[in-house]
2 protein chains.
Amino acid sequence: MFSFSEENYLKAIFHLERKYQAGVSTNALAEEMETKASSVTDMIKKLSEKELVIYKKYQGVKLSELGNKTAIKVIRKHRLWEYFLVEKLDFNWDEVHDIAEQLEHIKSEKLTQELDKFLGFPKRDPHGDPIPDAQGNFSVANKMLLAELDKAEKGICVGVKDSSSEFLRFLDKNNISLGKEIKVLEKEAFDGSMLILIEERELRISQLISNNLYIKTQ
Amino acid sequence: MFSFSEENYLKAIFHLERKYQAGVSTNALAEEMETKASSVTDMIKKLSEKELVIYKKYQGVKLSELGNKTAIKVIRKHRLWEYFLVEKLDFNWDEVHDIAEQLEHIKSEKLTQELDKFLGFPKRDPHGDPIPDAQGNFSVANKMLLAELDKAEKGICVGVKDSSSEFLRFLDKNNISLGKEIKVLEKEAFDGSMLILIEERELRISQLISNNLYIKTQ
DNA sequence: AAATAAATTTAGATTAGTCTAAAAATAGGT
DNA sequence: ACCTATTTTTAGACTAATCTAAATTTATTT
Ligand SMILES: [Mn+2]
Ligand SMILES: [Mn+2]
Ligand SMILES: [Mn+2]
Ligand SMILES: [Mn+2]
């Protein structure tokens, strides 16, 4: 149906649309895709001809209904495979993204559905991101950033905003993982760092960390 | 490392080498790859530059040590994924080849090893073909074609030579599957057909069928 | 309202993989 | 040994996806 490259562009536009509802600029897309703006223009034209995106010259780009549906299918496969790798093949959560980048392009509706069934229809991937169901619906969670919590508040760690392996390994090293309760003991106004309590251990974390951890409060 | 197309050529050369030990001809490869001889020549040159094949103009092509190793890795992945699809995702044996054609190109040594472990280090794929181990070793079975059996001889069905979905569905329809015992009741010299006994049922099959079923005699 | 800066598009080139048509090499038959 | 048929290679073209450099459009500043 669509090429790997086309699917990757659609996925990138989908993610950037959360940030720029008015339309995704050529440069933003070029940065996300780690390519040149001229290449992006070329690809956008092709996607536009295939009616996957709405595009007017110099006005940025948006996904069409079809483009949106297609992007969600790719994201669904990406996250199902990540879940598979962690839950069935014992991969660590920092090792799965690059392999899922390949697996997300495998074309077979039946494979996706059977994999979903085999995994027990998981709702979230190893990084806490929602896995769209077969109809493309995401389950939304009312999560917030740890950095937004006030002193003495607590919540359950439910996801990461940055899912780079560097950040994930930092969390592993400090025994922070999804499902654990975190309580804010102190907040330092000067540098935004905070002292947290996690599993009876006290830990000081910088604002960079608390800004990339999602928390669900009861 | 190598492109999908390069890997597919290596795999095709590997399979054709079983038939033409002296070297695989351009035309044979073109037919196997469903492409034109001129395209094959171009690709062979590239594979030759990359030292994956031994090639002398007009003399056909053979896999180098590296080419052989690479082809076996692709075949290993293909057959492991086929096993996964049948054993874990409940696919029928006639539905898995095309998906495995995609999955065999996923690049991750760790994925292959973990998948192998998860599956319990299977020795044969759903069609009875051997799955090479991590070192590239195939387990050889002393199988023969059902057509070669004489009247009153019997054996266990261990594989298919033709693994097209048409043939596999024919076998399904006639309740023939791997692991079952088959006894030759009669052989008709005129058309090569035979009457067989399988699970207390008598069945007449044409030579085309008996020529594509592998049997292991005790 | 210009002038300047930034963003975007166009023009032209490149690489991988394919094709058709023509040329060259090899193999077979007499 | 020569002629012919077959096989293989070469030449030139095409598409997808990318790039650099130049041109154009839009945005911002004075
Ligand atoms: Mn990922
Ligand atoms: Mn993820
Ligand atoms: Mn197969
Ligand atoms: Mn097989």
Side-chain angles (χ1 to χ4, degrees), chain A residues 1-13 16-17 19-63 67 70-71 74 101-102 104-107, chain B residues 1-13 16-17 19-63 67 70-71 74 101-102 104-107:
Chain A
M1 198 78 171
F2 304 113
S3 72
F4 284 25
S5 193
E6 289 169 337
E7 290 188 344
N8 284 334
Y9 271 92
L10 293 176
K11 200 167 46 120
I13 298 169
L16 289 171
E17 275 187 349
K19 208 162 139 193
Y20 311 103
Q21 305 92 313
V24 177
S25 74
T26 303
N27 268 356
L29 201 40
E31 194 187 0
E32 177 81 11
M33 294 293 298
E34 297 181 58
T35 185
K36 301 294 153 131
S38 55
S39 306
V40 170
T41 303
D42 284 348
M43 180 55 89
I44 284 175
K45 281 185 192 166
K46 186 155 42 124
L47 296 176
S48 181
E49 272 161 34
K50 293 192 175 186
E51 312 217 336
L52 290 160
V53 300
I54 317 295
Y55 170 59
K56 268 176 299 189
K57 269 192 196 173
Y58 297 101
Q59 304 302 291
V61 76
K62 285 181 186 184
L63 291 177
T70 308
V74 176
E101 283 293 309
Q102 301 179 61
E104 71 188 6
H105 301 293
I106 302 293
K107 280 153 190 72
Chain B
M1 198 79 170
F2 304 113
S3 72
F4 283 26
S5 193
E6 289 169 338
E7 290 187 346
N8 285 333
Y9 271 92
L10 293 175
K11 200 167 46 120
I13 297 168
L16 289 172
E17 275 187 348
K19 208 163 141 192
Y20 311 104
Q21 306 91 313
V24 176
S25 74
T26 302
N27 268 357
L29 200 39
E31 193 186 1
E32 177 82 10
M33 293 294 297
E34 297 181 59
T35 185
K36 301 295 153 133
S38 56
S39 307
V40 170
T41 303
D42 285 346
M43 178 56 89
I44 284 175
K45 281 185 191 166
K46 186 156 42 122
L47 295 176
S48 181
E49 271 161 34
K50 293 192 175 187
E51 313 219 330
L52 290 161
V53 300
I54 317 294
Y55 170 58
K56 268 176 298 185
K57 269 190 195 177
Y58 297 99
Q59 304 303 292
V61 77
K62 286 181 185 186
L63 291 177
T70 307
V74 177
E101 283 292 310
Q102 301 179 61
E104 72 189 5
H105 301 293
I106 302 293
K107 279 152 190 74

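Here is the naming used below: chain letters follow the sequence lines, and residue numbers restart at 1 for every chain. None of the values given here were measured: they were computed from a predicted structure.
As judged by a 4.0 angstrom heavy-atom cut-off over every strand, Lys56(B) is placed among residues making no nucleic acid contact. In this structure, Tyr55(B) reaches the sugar-phosphate backbone alone: every heavy-atom distance under 4.0 Å involves primed, P, OP1 or OP2 atoms, never a base. Within 4.0 Å of Ser38(A), counting heavy atoms only, lies at least one base atom of the nucleic acid.
In this structure, Ser39(B) reaches the dC19(C) phosphate: one of its side-chain N or O atoms is under 4.0 Å from OP1 or OP2. Contact between the side-chain N/O atoms of Lys57(B) and the OP1/OP2 oxygens of dT7(D) is not found at any separation under 4.0 Å. Phosphate contact (OP1/OP2 of dT6(D), side-chain N/O of Asn27(B), threshold under 4.0 Å): absent. Contact between the side-chain N/O atoms of Tyr9(A) and the OP1/OP2 oxygens of dT18(D) is found at a separation under 4.0 Å. For the pair Lys45(B) and dT10(D), the criterion of a side-chain N or O lying under 4.0 Å from OP1 or OP2 is met. Between dA16(C) and Ser5(B), no contact under 4.0 Å exists linking OP1 or OP2 to a side-chain N or O.
Following rounding to the nearest Å, Leu47(A) (CG) and dA16(D) (C1') show an atom-to-atom distance of 12 Å. Counting to the nearest Å, the P atom of dT15(D) and the CZ atom of Phe4(A) are 22 Å from each other. Put simply, CG on Asp42(B) is 10 Å from C1' on dC19(C), counting in whole angstrom units. In this entry the distance linking CZ of Phe2(B) with P of dA16(C) reads 14 Å, nearest Å. The separation between Glu49(A) atom CD and dT15(D) atom P is 13 Å, rounded to whole Å. Between Ile44(A) atom CD1 and dA16(D) atom C1' there is a gap of 16 Å when expressed in whole angstrom units.
Of the residues near DNA chain D, Thr35(A) and Gln59(B), the one whose nearest nucleotide (by heavy atom distance) lies more toward the 5' end is Gln59(B).
A side chain to side chain contact (heavy atoms under 4.5 Å, CB included) with Val61(A) holds for exactly one of Leu52(A), Val53(A), Thr26(A), Val40(A); it is Val53(A).
Of the charged side-chain nitrogens involved, at least one lies within less than 4.0 Å of a carboxylate oxygen, so that Lys107(B) and Glu7(B) count as a salt-bridged pair.
Ring geometry for His105(B) versus Phe4(B): interplanar angle under 30°, hence parallel rather than tilted (30 to 60°).
Between Ala71(B) and Leu10(B) the shortest heavy-atom distance is CB-O, 3.7 Å.
Side-chain proximity of Tyr58(A) to dA25(C), dT18(D), dT25(D): nearest is dT25(D).
The environment of OH in Tyr20(B) is sparse: at most 12 heavy-atom neighbours from other residues, nucleotides or ligands sit within 6.0 Å.
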